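Throughout, a chain's letter reflects where its sequence line sits, starting with A, and its residues are numbered from 1. It should be emphasised that the depicted structure is a prediction, and the values quoted were computed from it without experimental measurement. Reckoned from all heavy atoms, side chains included, excluding hydrogens, waters and symmetry mates.
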Amino acid sequence: LGVGSTLVDMYAKCGLLVCAHEIFDKLLVQDVVAWTVLIAGYAEDGLDEEAFQCLEQMKVVGAFPNAVTIVCSLKACCSLRATQEGQQLHVEIERQGLLGKNHLVTSALITMYAGCGLLDRAQKVVDSLPVKDMGSWTALISAYTEQGYFEEAYKCFEQMEVGGYSCDSTALVCCLKACHNLGVTEKVQVLFARIEQSGLLERDIFARSALVEMYAENGSVALARQVFDKLPTQDVVAWTSLIAGYMEHGSSEQALQCLEQAQQEGVLPS
RNA sequence: GCUUGAUGGGGA
């Protein structure tokens, strides 16, 4: 029954993993989902060893990890730099024929290699895909960007552009950053226009804050301010990014002005 | 296409 695993999941997502595991132990039926939510909880909390122990244990009792289990387990590999375990999961992914077929598994694998510092392996995974998808490109571009390999990130963007994928907001933001980091202004403007036109500034709080932060971080606080002013509503994260940008690259006076304004609007506590 | 529950890539 699903009720038990839902309960385990709830405790795990609250970070109460001891409780989660206790409930799990009491379950009459410990199915794949129950194991998976437990592994996901441990991995999310950075308790990677525990996550792997569960993975091993579930195999011992004859519950077989499926695609979701693998995705959750891959997360535990990034933080531990557990390349061994990661490679084992890669083998399992190939064995189950999931590579390139299950997009969530595929991008999680790419992110895992990147998290282990093996960007070449991440690149190889993408190269090996007969049919590349938006999510895999986005994962790879993000990885390069995060680790400061801006040229490589941009190269991927160009290849992605040739492929003519329809991009969601994550992909658009990711590509925009790649172009911004190399100062390819024309592309930045085109992508920004696409984001604006698709109404993402209105309905996607992640995209909004990411853009404010991107400009603020880079010292283009004036641009950050422009984006910020275009937002239909300004939330805590957007304000915080802008203030941080002023502190870092602008003036502390402007930062203070923002702070006061945010407090007046009740977005930040006074 | 839908039919109990778990999963990736962008901000904090």
Given [options], the nucleotide with the shortest approach to the side chain of [X]:
X: A:Val173; options: B:U7, B:G10, B:A6; value: B:G10
X: A:Val33; options: B:G8, B:G5, B:U7; value: B:G5
X: A:Ala171; options: B:G8, B:A12, B:G9; value: B:G9
X: A:Met134; options: B:G9, B:G10, B:U7; value: B:G9
X: A:Val68; options: B:G10, B:G9, B:U7; value: B:U7
X: A:Ala139; options: B:A6, B:G8, B:G9; value: B:G9
X: A:Thr170; options: B:G9, B:A6, B:G8; value: B:G9
X: A:Lys75; options: B:G8, B:A6, B:G9; value: B:G8
X: A:Ser142; options: B:G10, B:A6, B:G5; value: B:G10
X: A:Ala210; options: B:G9, B:G10, B:G5; value: B:G10

Subject >> Selection: residues 190-199 of chain A, any non-hydrogen atom under 4.0 Å of RNA chain B >> reply: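 The stretch gives none, as no residue of it lies under 4.0 Å from the strand.
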Original post:
Do any of residues 112-123 of chain A sit with a heavy atom less than 4.0 Å from RNA chain B, and if so which?
Top reply: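 Residues of residues 112-123 of chain A under 4.0 Å from RNA chain B: none.
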Subject >> Residue pairs involving residues 144-159 of chain A (criterion side chain to side chain donor-acceptor pair (under 3.5 Å); sequence neighbours excluded) >> reply: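 Non-adjacent pairs meeting side chain to side chain donor-acceptor pair (under 3.5 Å): A:Gln123-A:Tyr144.
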Any salt bridge (charged side-chain N to carboxylate O under 4.0 Å, His left out) involving [range]? Give me the pairs, sequence neighbours left out, ordered by first then second residue.
range: residues 55-70 of chain A; answer: A:Glu56-A:Lys59
range: residues 211-232 of chain A; answer: A:Glu196-A:Lys230, A:Arg225-A:Asp229
range: residues 244-262 of chain A; answer: none

Subject >> Any A:Lys177 side-chain nitrogen or oxygen under 4.0 Å from OP1 or OP2 of B:G10 >> reply: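 No, no such contact exists.
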**OP:** Taking only the side-chain nitrogens and oxygens of A:Lys13, find out if one of them lies under 4.0 Å from OP1 or OP2 of B:U7.
**Re:**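 For A:Lys13, the contact criterion (side-chain N or O under 4.0 Å from OP1 or OP2 of B:U7) is met.
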Indicate, yes or no, whether a donor-acceptor pair under 3.5 Å links the base of [N] to the side chain of [X].
X: A:Ser107; N: B:G8; result: yes
X: A:Asp31; N: B:G5; result: yes
X: A:Ser5; N: B:G5; result: yes

**OP:** Measure from the ring center of A:Tyr11 to the ring center of A:His21 and say whether it is less than 6.0 Å.
**Re:**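 Distance test on ring centres: not under 6.0 Å, no.
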Distance check needed: [N] [atom2] versus [X] [atom1], whole Å only.
X: A:Asp235; N: B:A12; atom1: CG; atom2: C1'; result: 9 Å
X: A:Leu172; N: B:G10; atom1: CG; atom2: P; result: 15 Å
X: A:Glu217; N: B:G10; atom1: CD; atom2: C1'; result: 13 Å
X: A:Asp168; N: B:G9; atom1: CG; atom2: P; result: 12 Å
X: A:Arg208; N: B:G10; atom1: CZ; atom2: P; result: 19 Å
X: A:Met214; N: B:A12; atom1: CE; atom2: P; result: 13 Å
X: A:Leu109; N: B:U7; atom1: CG; atom2: P; result: 19 Å
X: A:Ile110; N: B:G9; atom1: CD1; atom2: C1'; result: 9 Å

**OP:** Scan residues 84-111 of chain A for pairs that pass ring pair (Phe, Tyr, Trp, His ring centres under 6.0 Å), counting only residues two or more places apart or in two chains.
**Re:**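 Ring pair (Phe, Tyr, Trp, His ring centres under 6.0 Å) check on residues 84-111 of chain A returns A:His90-A:Tyr113.
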Subject >> Set of residues satisfying side chain to side chain contact (heavy atoms under 4.5 Å, CB included) with respect to A:Cys72, sequence neighbours excluded >> reply: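 A:Cys72: side chain to side chain contact (heavy atoms under 4.5 Å, CB included) contacts with A:Thr36, A:Ile39, A:Ala40, A:Val68.
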Original post:
Mind checking what makes side chain to side chain contact (heavy atoms under 4.5 Å, CB included) contact with A:Arg203, not counting sequence neighbours?
Top reply: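 Partners of A:Arg203 by the side chain to side chain contact (heavy atoms under 4.5 Å, CB included) criterion, ordered by chain and then number, come out as A:Leu200.
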Original post:
In this structure, are over 12 heavy atoms from other groups packed under 6.0 Å from A:Met10 atom CE?
Top reply: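 Yes, CE of A:Met10 has more than 12 neighbouring heavy atoms, counting only those of other groups under 6.0 Å.
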Subject >> Over 12 non-hydrogen atoms of neighbours within 6.0 angstrom of NZ in A:Lys187 >> reply: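 No.
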**OP:** Tell me what A:Thr111 touches on the nucleic acid: a base, only sugar-phosphate, or nothing, going by heavy atoms under 4.0 Å.
**Re:**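 Result for A:Thr111 = sugar-phosphate.
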**OP:** Pick base, sugar-phosphate or nothing for A:Thr145, based on heavy-atom distances below 4.0 Å to the nucleic acid.
**Re:**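 Contact class for A:Thr145: none.
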Original post:
Between A:Arg208 and A:Asp204, is the closest basic N to carboxylate O distance under 4.0 Å?
Top reply: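 No, this pair does not count.
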**OP:** List for me each residue that meets side chain to side chain donor-acceptor pair (under 3.5 Å) alongside A:Gln88, sequence neighbours excluded, and say none if there are none.
**Re:**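 If we apply the side chain to side chain donor-acceptor pair (under 3.5 Å) test to A:Gln88, skipping adjacent residues, there are no hits.
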Original post:
Which residues satisfy the salt bridge (charged side-chain N to carboxylate O under 4.0 Å, His left out) test with A:Glu44, sequence neighbours excluded?
Top reply: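 Result, salt bridge (charged side-chain N to carboxylate O under 4.0 Å, His left out) vs A:Glu44: A:Lys75.
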Original post:
What distance, rounded to whole Å, do you find between the two C1' atoms, one in B:G10 and one in B:A6?
Top reply: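 The answer is 23 Å between these two C1' atoms.
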Original post:
Using the P atom in both, what is the distance from B:U7 to B:U3, to the nearest Å?
Top reply: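 Looking at atom P only, B:U7 and B:U3 are 15 Å apart.
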Original post:
How close do A:Gly135 and A:Ser107 get, heavy atom to heavy atom, and via which atoms?
Top reply: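 Closest approach of A:Gly135 to A:Ser107, heavy atoms only: O-CB, 3.8 Å.
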Original post:
Of all the base pairs, Watson-Crick or G-U under 3.5 Å, which form stems of three or more consecutive pairs involving RNA chain B?
Top reply: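 Expected stems, ordered by start: none at all.
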